[in-house]
Amino acid sequence: MIDLFEKIPILKRIVTLRVFPYLIILPNIFFFYLLLFAGLFGTPVGNRNIIVVFVWILWWAILIAVMVPFGSRIWCTMCPLPAIGEWLQRMTLTRVRPGETIRGFKGKFFGLNKPWPKRFQNIWLQNIGFLILACFSGFLVTRPIVSVIVLGGMIVISTILALIYRMRTFCMYLCPVSGFLGLYAMTAKIALRRKDPEVCKSHRGVECYLGSVKGYPCSWFQNVCTMTRNNYCGLCFECVKNCDAGNIALYWRPFCSDKEIKGYDETWKAFIMLGLAFVYSVNLLGPWGIFKDWVNFTESGKWLGFILLSLAIVLLCVAVLPGIYWLFIYWAKKLSGNKEVSLKNLFIKYSYCLVPFGLLAWIAFSVPLIMINGSYIISVISDPFGWGWNIFGTANFSWKPFFPNWVPYIQIPLLLMGLFYSIKSTYEIGQNIFSDNKQLVRSLIPITIFLGAVTLVFLRLYVG
Amino acid sequence: MKKTIEILIEFIAFFALIFIFVGLPLVINWYDSSYLPSRYPKGTKIINLTAKVSQNSCLWTLEKVNSFNYWWKKFKFAEEISVREGDKVVFRVHSADVLHSFAIPRFRIGPYEISAGKVKEITFDARREGSFKYLCWLWCSDCHGDLKGRVIVSPSD
């Protein structure tokens with residue numbers, strides 16, 4: 001593992017600037033405001049409106065294919081959605097307002113600062129939110145006004161919650177994007193961690209977590225001294241500012257280094273994400289017009305089809321996929337011959353096998369988004385609102401797929417890479433569960449068959 | 001000194017935000033309603049015309065159709081578009097939804113394809129007075145036949 005703060009000292013200097021998050025949020029606020037403006041006042045035609053093209057083609061592809069695997073939750077560092085709420089909560093854009101202590105956290109905060117109810121301190125609400133959005137994805141990715149309602153709604157909700165609940169409650173427990181970012185951030189090349197555990201032990205203040213005059217408490221409620229996973233670290237870098245001992249490193253590490261799924265909420269997130277990668281591939285990329293008609297029920301009038309499809313999506317993600325996976329886990333346990341390992345434990349721990357494959361399946365899904373629909377980006381940068389502008393002279397660039405024949409040849413290795421990382425990671429997880437290597441290998445047979453079957457389904461969808 | 005710099009940075013940061021929130025709509029409005037029209041020769045009459053198809057009716061309208069009002073607003077049908085003889089006219093024809101086309105047959109204008117979400121600029125000189133039919137020339141929907149109106153060229157003073 002390489003410590004990027006040591007290798008590139010300017011990086012540490014930048015992230016410890018008090019003005020740092022603001023400086024990268026500001027351009028995003030500008031773009032986001034432009035997108036919302038376009039979503040309200042631009043053309044209703046999705047592929048000619050910058051909000052649809054930039055958010056659901058460009059941003060999505062960059063997020064899933066670049067930011068998450070290489071930058072973990074770096075999007076959360078620059079996300080404009082909760083920024084207004086956070087600034088209101090802190091009553092400042094760049095400074096620290098020390099002086100008070102609320103429930104151990106240092107700093108002056110505006111608002112009620114209530115703790116989020118304990119029973120909702122998980123990602124179930126994010127799972128539900130993402131599934132609901134998925135059911136309406138046909139509108140979300142084609143109607144600019146729906147994107148405005150969803151993204152604008154997230155700003156409003158996050159701002160209200162910031163004034164009621166402490167820190168980034170919205171991001172932690174409600175933001176539908178945050179849920180899958182957290183899950184797939186486990187695979188990321190970078191990770192913020194403490195360097196020497198002894199330094200943390202000898203240091204009583206825990207400023208990295210509770211805040212100090214140099215920085216705010218961790219908005220994500222993560223104690224970097226004990227943090228072992230990327231899931232809930234929003235890379236705000238406040239802990240780096242707070243740590244006088246310089247004991248926090250930004251590591252560049254191998255892919256899929258975090259391998260621990262901790263609860264059913266995270267397990268189901270993995271099912272939902274994999275299920276939706278399949279559903280989107282069928283609905284948006286597949287040749288089946290009937291599904292497109294059902295998704296587009298306001299135009300086609302096929303309400304029943306939409307309800308059926310929505311139910312099928314929910315059932316697939318919540319029951320069918322977990323049910324099939326459970327059967328394979330049951331088989332894995334039986335085949336291993338180990339009676340001490342509980343089915344629940346194996347079910348949760350081995351569900352990590354869906355994480356690398358799920359991420360790579362999403363990346364494979366995003367390849368045609370860019371290669372087939374990417375030319376819309378060139379057109380809308382010159383005419384962002386569809387008002388007949390031609391700022392850069394590219395407004396009349398017609399739709400043109402880029403190397404469409406290459407798409408399957410890019411998707412195949414991506415899916416196979418996902419399969420490889422999934423099997424490899426499951427083997428490594430199994431080493432911590434089974435002490436006997438034979439039992440471990442036997443337990444992997446059903447999982448490998450399951451993953452192979454899932455890969456074949458995606459290959460059939462993408463390659464035919 | 002450090003505190004003064006911090007306050008100064010905060011001040012700049014705050015005004016940068018205000019500048020974005022207030023400035024962006026102003027710049028967009030200036031570009032669209034002042035800068036772009038200034039490219040045409042002085043006295044040019046610019047007519048923004050939008051074709052819109054809804055589930056039961058089609059219409060041409062001179063009102064601005066956008067993503068927000070598209071779904072609920074009842075737009076006024078541009079049955080007649082008035083210009084004066086001798087006017088230089090630029091039609092900026094928009095399509096708010098599907099592929100249309102635009103033509104004024106008696107002026108030998110068009111048909112020009114108007115792609116969904118795109119704008120086609122069509123220039124003509126109103127040389128003759130009279131009433132001239134304009135229409136969508138392409139079967140765009142079941143209510144395609146409604147997509148017609150008249151350009152009224154009245155005598156110059």
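Within every chain, numbering begins at 1; the chains are lettered A, B, ... in the order of the sequence lines, protein sequences first and strands thereafter.
Top candidate by heavy-atom pairs under 4.5 Å with chain A, chosen from B:I9, B:I28, B:L36, B:I7, is B:I28. For chain A, the option among B:T50, B:V119, B:N66 with the highest count of heavy-atom pairs below 4.5 Å is B:N66. Most heavy-atom pairs under 4.5 Å with chain A, from the set B:D32, B:N69, B:V98: that is B:D32. Your options are A:F41, A:F37, A:W387, and the one with the most heavy-atom pairs under 4.5 Å with chain B is A:W387.
Only the side chain of B:K3 comes within less than 4.5 Å of a heavy atom in chain A; its backbone stays farther off. For B:I20, the parts sitting under 4.5 Å from any heavy atom of chain A are the backbone and the side chain alike. Residue contact with chain B, scored on non-hydrogen atoms closer than 4.5 Å, involves the backbone and the side chain of A:I391 alike. Looking at B:S115, neither its backbone nor its side chain comes within 4.5 Å of chain A, counting heavy atoms on both sides. In this structure, no portion of B:K120 lies under 4.5 Å from any heavy atom of chain A. Interface residue A:L34: backbone and side-chain heavy atoms are both found under 4.5 Å from chain B. Using a 4.5 Å cut-off between heavy atoms, A:R143 contacts chain B through its side chain alone, with no backbone atom that close. The contact between A:Y22 and chain B is made entirely by side chain atoms (from C-beta outward), counting heavy-atom distances below 4.5 Å. Contact annotation for B:N48: neither backbone nor side-chain heavy atoms come within less than 4.5 Å of a heavy atom of chain A. Residue contact with chain A, scored on non-hydrogen atoms closer than 4.5 Å, involves the side chain of B:Y70 exclusively.
Classified by interplanar angle (parallel below 30°, tilted 30° to 60°, perpendicular above 60°), the ring pair A:F20/A:F237 is perpendicular. Between B:F91 and B:Y134, the ring planes lie tilted relative to each other; the angle falls in the 30° to 60° range.
The shortest non-hydrogen separation linking A:R48 to A:S379 is NH1-OG, 3.1 Å.
Side-chain atoms of A:L140 and A:V150, non-hydrogen and from C-beta on, do get closer than 4.5 Å to each other. Between A:E86 and A:R168, the closest side-chain pair of non-hydrogen atoms falls below 4.5 Å.
Here the two rings, on B:F102 and B:Y112, have centers that are 6.0 Å apart or farther.
Of the charged side-chain nitrogens involved, none lies within less than 4.0 Å of a carboxylate oxygen, so that B:D87 and B:R127 do not count as a salt-bridged pair.
Side-chain contact check for A:W87 and A:T92: no donor-acceptor pair (N or O, by modelled atom type) lies under 3.5 Å.
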>> Does B:L99 form a side-chain contact (heavy atoms from CB on, under 4.5 Å) with B:L138? I'd like the steps, not just the answer.
In response: CA-CA 8 Å; B:L99 179 68; B:L138 188 113; 3.8 Å; yes
